[in-house]
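In what follows, residues are counted from 1 in the order of the sequence shown. Since we're looking at a predicted model, the values are computed, not measured.
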Amino acid sequence: LPETSCEDLILNGDMESGIDYWYHRNSGSNTNRGGLRAESGGVNDSNTIRLFNRYRTYTGVGQNLDMRCLRNSLNEFYEIEMYFRLENEKTPGTPYICNPFSTSTSVRCPYITFQQEKYVDEKLQTTYKTDVAGTIAPNNLGEFNLLHGVFKVDETIQSLDRVFMYLER
């Protein structure tokens, strides 16, 4: 891989190509349990992704990280920076404020989870690493708020077959 291709583990991070490479964690392709749509109106009028019909707190927006890059970057650090704005699901367009200090799934702010998968003796083993990145306080009502974190590529991450990074709340 060219060295510059691993600087960003996220493909289409600016959403210039709509929702290409972005997924949501749900029960199959049933959009009654969540779906993604590309829209304008993001930070500084950039493109953004809207998750609609969210089914559960864990059915967030995410992307598979490029394992080729992770396997070639032992002891490297990657920074996660994402902006989000929450709306009340019952009255779309109405801002919703979350609590960055709460652990309750009903009021807590978004955070990043890694769904980590590895085949051992031909059987898939899945583990979850939560709070890889979290909401930075203060959380301003109706505005885009920052989610931030840093992770180090270690031998455990390098040994995985898949890392799906997704937003939970």
What residues, two or more places apart in sequence or in another chain, satisfy side chain to side chain donor-acceptor pair (under 3.5 Å) together with E16?
-> none
Yes or no on side chain to side chain contact (heavy atoms under 4.5 Å, CB included) for Q63 and L11, after CA distance, side-chain angles and deciding distance?
-> CA-CA 8 Å; Q63 194 170 121; L11 300 174; 3.7 Å; yes
Any sub-3.5 Å donor-acceptor pair from N72's side-chain atoms to R68's backbone N or O?
-> yes
Roughly how far, to the nearest 0.5 Å, is CD1 of I10 from CG of N64?
-> 9.0 Å
Flag for S106-S104: side-chain donor and acceptor within less than 3.5 Å = yes
Is it true that F144 and L51 fall in one hydrophobic cluster, defined by side-chain heavy atoms closer than 4.5 Å?
-> no
Applying the 4.5 Å side-chain criterion to the ILVMFWY set and letting contacts propagate, would I136 and Y83 be lumped into a single cluster?
-> yes
Say whether I49 and F84 are linked into one hydrophobic cluster, either directly or through other cluster members, by side-chain heavy-atom distances under 4.5 angstrom.
-> yes
pair F164-L65: side-chain heavy atoms closer than 4.5 Å = no
Can you list the residues that meet the side chain to side chain donor-acceptor pair (under 3.5 Å) rule with N12, with sequence neighbours excluded?
-> none
Is there a path from Y119 to L70 through hydrophobic residues (I, L, V, M, F, W, Y) whose side chains come within less than 4.5 Å of each other?
-> no
Can you find a heavy atom in the side chain of E117 that is under 4.5 Å from one in the side chain of T127?
-> no
Stepwise side chain to side chain contact (heavy atoms under 4.5 Å, CB included) test for E79 and H148 = CA-CA 7 Å; E79 181 177 30; H148 183 266; 2.6 Å; yes
Can V107 and F101 be said to form a side chain to side chain contact (heavy atoms under 4.5 Å, CB included), step by step?
-> CA-CA 9 Å; V107 296; F101 306 106; over 6 Å; no
Given the side-chain rings of Y166 and F114, with only the six-membered ring counted for Trp, is the space between their centroids under 6.0 Å?
-> no
Compare all side-chain heavy atoms of M67 with those of L160 and state whether any distance is below 4.5 angstrom.
-> yes
Nearest heavy-atom approach of T135 to P110 is OG1-O, 2.8 Å
Cation-pi, Y111 ring and R108 (6.0 angstrom, 45 degrees) | yes
Taking the side chain as every heavy atom from C-beta outward, state whether Y96 and R169 have any atom pair closer than 4.5 Å.
-> yes
Looking only at heavy atoms, what is the nearest atom pair of G18 and A38, with distance?
-> CA-CB, 3.7 Å
V132 versus K129: any side-chain heavy-atom pair under 4.5 Å?
-> yes
Charged N to carboxylate O below 4.0 Å: is that the case for D154 and K152?
-> no
Do L36 and R50 touch side chain to side chain, with heavy atoms closer than 4.5 Å?
-> no
Does the side chain of E87 come within less than 4.5 Å of P95's, by heavy atoms?
-> no
Which value, rounded to the nearest 0.5 Å, describes the distance between K118 atom NZ and K123 atom NZ?
-> 16.0 Å
Separation between OG1 of T113 and CG of D131, rounded to the nearest 0.5 Å | 6.5 Å
Under a 4.5 Å cut-off applied to non-hydrogen side-chain atoms, are N140 and N145 in contact?
-> yes
Step by step, work out the side chain to side chain contact (heavy atoms under 4.5 Å, CB included) result for S17 and W22.
-> CA-CA 10 Å; S17 299; W22 291 96; over 6 Å; no
Does the E39 side chain pair with the main chain of T48, one donor and one acceptor, at a distance under 3.5 Å?
-> no
Looking only at heavy atoms, what is the nearest atom pair of S73 and V153, with distance?
-> O-CB, 3.3 Å
Give, for atom CD1 of I80 and atom CE of M165, the distance between the pair rounded to the nearest 0.5 Å.
-> 5.0 Å
Say whether L167 and L146 are linked into one hydrophobic cluster, either directly or through other cluster members, by side-chain heavy-atom distances under 4.5 angstrom.
-> no
Tabulate below the donor-acceptor pairs under 3.5 Å that side-chain atoms of residues 40-47 make, not counting sequence neighbours, or state none.
unit_1 : atom_1 : unit_2 : atom_2 : d
S46    : OG     : V43    : N      : 3.3
S46    : OG     : V43    : O      : 2.7
N47    : ND2    : M15    : O      : 3.4

